[in-house]
Undergrad: 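The structure that follows is given in the form of structure tokens.
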Protein chains: 2
Amino acid sequence: MPKIFDDSNTSTDAPSQTLSRGIRVLEILADARVPLTIDAITAELGVHRSVAYRFIRTLEQHGLVERDAGGRIRLGARLAALASGVAHDLQAEALPELTAAANELGMTCFLVVLDHEECVTLASVEPRHAVATVAQRPGTRHPVTVGAPGKAILTQLSPGAWPVGTDAALAAEVHMAALRGWAESQNEVIPSLHAVAVPLALRGRRPAAIAAVYLPTDREVASVAERLIASATAVRSALDG
Amino acid sequence: MPKIFDDSNTSTDAPSQTLSRGIRVLEILADARVPLTIDAITAELGVHRSVAYRFIRTLEQHGLVERDAGGRIRLGARLAALASGVAHDLQAEALPELTAAANELGMTCFLVVLDHEECVTLASVEPRHAVATVAQRPGTRHPVTVGAPGKAILTQLSPGAWPVGTDAALAAEVHMAALRGWAESQNEVIPSLHAVAVPLALRGRRPAAIAAVYLPTDREVASVAERLIASATAVRSALDG
DNA sequence: AACGACGCGTTCGATAATAGAACACCCGTC
DNA sequence: GACGGGTGTTCTATTATCGAACGCGTCGTT
């Protein structure tokens, strides 16, 4: 079971210990993907049970965690409400564009932003006959060095800011992507699926990308990229205009 | 500008003051819907600036907030990653069903759960020719006493657990919805839109509902409800079976 | 230019919030 | 009935936190 969140913050002590531990409760719960007992959280946190108990009651008051019938802890629905505020203007502008692009292309289209060397999918829209339904759900994360969206995002970063695992082959791909304005990938993030991504650079915002996934086909890749570029341009003019 | 989050927790002092304040930073940011300065957050929190500063640095380390070019604070992308863990098994089971229902009905279908007297939309899928694109985005909240999903959810609660604002008319509607297995609403949550919702009761989980919105039409409402019931049954058997 | 208003980041001591031990309880089950 | 695993509460020493004070840069304005 791979860890979703990196909890190796023993070296870098957070400015606020209590807040950091409380957030780690949320990370542990998201990581577990199944309701946990207080004792399990206690063990994972490495603190006394009464401490974890106090955290959980506080998180409960804010609706960020809930308890199921057996008293186990799970993430609360209001966390989803909080997350809807993440780049909500970007999402508001991008969603109609994603929908239009997805329907015109017949492909799942999604919006990706950079988050500390990782790509996070903020929104995704599926076309009618969806084949990769569960593939890119909002909140999905994967390294920025993998996949078309990652390359499209890397074109917006100076090579010095690239993550350490960036090899020459990837650098070449990013370079080409920067020149022609779009990136592609095959079987990288999702096996047997291809992807096209275009960069979406916005003022005062983390690098982003708009992407589409599709089954290997004889579709003209460049035309897909053109369609995505149109959407990206529309979004950019709406937000930065 | 209506407040999204109720920050009237001056009476109910949270068990962990620090954690509660840190979470309120997130709520304030989600409420503002625009990047804030540290001073603005400080004023809203009612604490000293050095305190808010410490919170923000901690939140920043966890990726829950980011800073734009001007140093202003906004919610971070990793918050979306956290939120994807909310009822992720329910979402995983419901999304394909929502997609199928949305395409077959030609309506936007979405999944709603109860959160402390409010409905929270966890996932929504739009059909090809979407008309209410921006209407029901994940994370949207509205009172449980309004709209078809709310009624479908109220059928799963004992009347004693209903919120205070529940009048007789609503009670009658909920009663009928409980009898026939689905609820409907007109122009309640979204003006000029109708909605149908069916309850989705799951073991050890908050009451939920599957719903569809559509423009006023001569479509047979009962047939829409039947389709939603089929999806709800499929989800229920997958999770509780 | 000088000024004030506004913003950020840091240091530091007193204090209050926290940490963790200990205790009481409930519920299965062996 | 004892046991193990779980929860919730109370209490005190300690420690993390709080908030005042300070320094600094950057705007606009007079």
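Just so we're on the same page: letters track the sequence lines, and every chain starts at 1.
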Undergrad: Report yes if at least one side-chain N or O of A:T18 is closer than 4.0 Å to OP1 or OP2 of D:dT17; otherwise report no.
TA: yes
Undergrad: Please state how far atom NE2 in B:H48 lies from atom P in C:dG13, giving the value in whole angstrom units.
TA: 16 Å
Undergrad: For A:H175, which residues count as a side chain to side chain donor-acceptor pair (under 3.5 Å) partner, sequence neighbours excluded?
TA: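 Scan of A:H175 (side chain to side chain donor-acceptor pair (under 3.5 Å), adjacent residues dropped) gives none.
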Undergrad: What string of B, S and - do you get for nucleotides 2-8 of chain D, 5' to 3', if B is base contact, S is sugar-phosphate-only contact and - is no contact with any protein heavy atom under 4.0 Å?
TA: ----SBB
Undergrad: I'd like to check the salt bridge (Lys or Arg N to Asp or Glu O under 4.0 Å) partners of A:R236; sequence neighbours left out, ordered by chain and number.
TA: none
Undergrad: A side-chain contact here means heavy atoms from C-beta on lying under 4.5 Å apart; do B:D115 and A:E66 qualify?
TA: yes
Undergrad: Within the pair A:S16 and D:dT17, is there a side-chain N or O less than 4.0 Å away from OP1 or OP2?
TA: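 True: A:S16 side-chain N/O within range (under 4.0 Å) of D:dT17 OP1/OP2.
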Undergrad: Taking the side chain as C-beta and beyond, is there a heavy-atom pair between A:V120 and A:V86 under 4.5 Å?
TA: no
Undergrad: What's the shortest heavy-atom distance between B:A195 and B:A148, and which atoms?
TA: O-CB, 3.7 Å
Undergrad: Taking salt bridge (Lys or Arg N to Asp or Glu O under 4.0 Å) as the test, write out the residues that go with B:R21, two or more places apart.
TA: none
Undergrad: Distance check needed: C:dG20 C1' versus A:R54 CZ, whole Å only.
TA: 9 Å
Undergrad: Side chain to side chain donor-acceptor pair (under 3.5 Å) with A:R205: which residues, sequence neighbours excluded?
TA: A:D89
Undergrad: Enumerate the protein-to-nucleotides 10-15 of chain D contacts in which both atoms are nitrogen or oxygen and the separation is below 3.5 Å.
TA:
none

Undergrad: Taking all heavy atoms of A:I38 and all of A:R49, pick out the closest pair and write down the distance.
TA: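 Taking every non-hydrogen atom into account, CG2-CG, 3.8 Å.
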Undergrad: Just the rounded figure in Å: distance from P of C:dT18 to CG of A:L45.
TA: 15 Å
Undergrad: Find the distance B:L19:CG to C:dT18:C1' and express it as a whole number of Å.
TA: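 After rounding, the reported distance stands at 12 Å.
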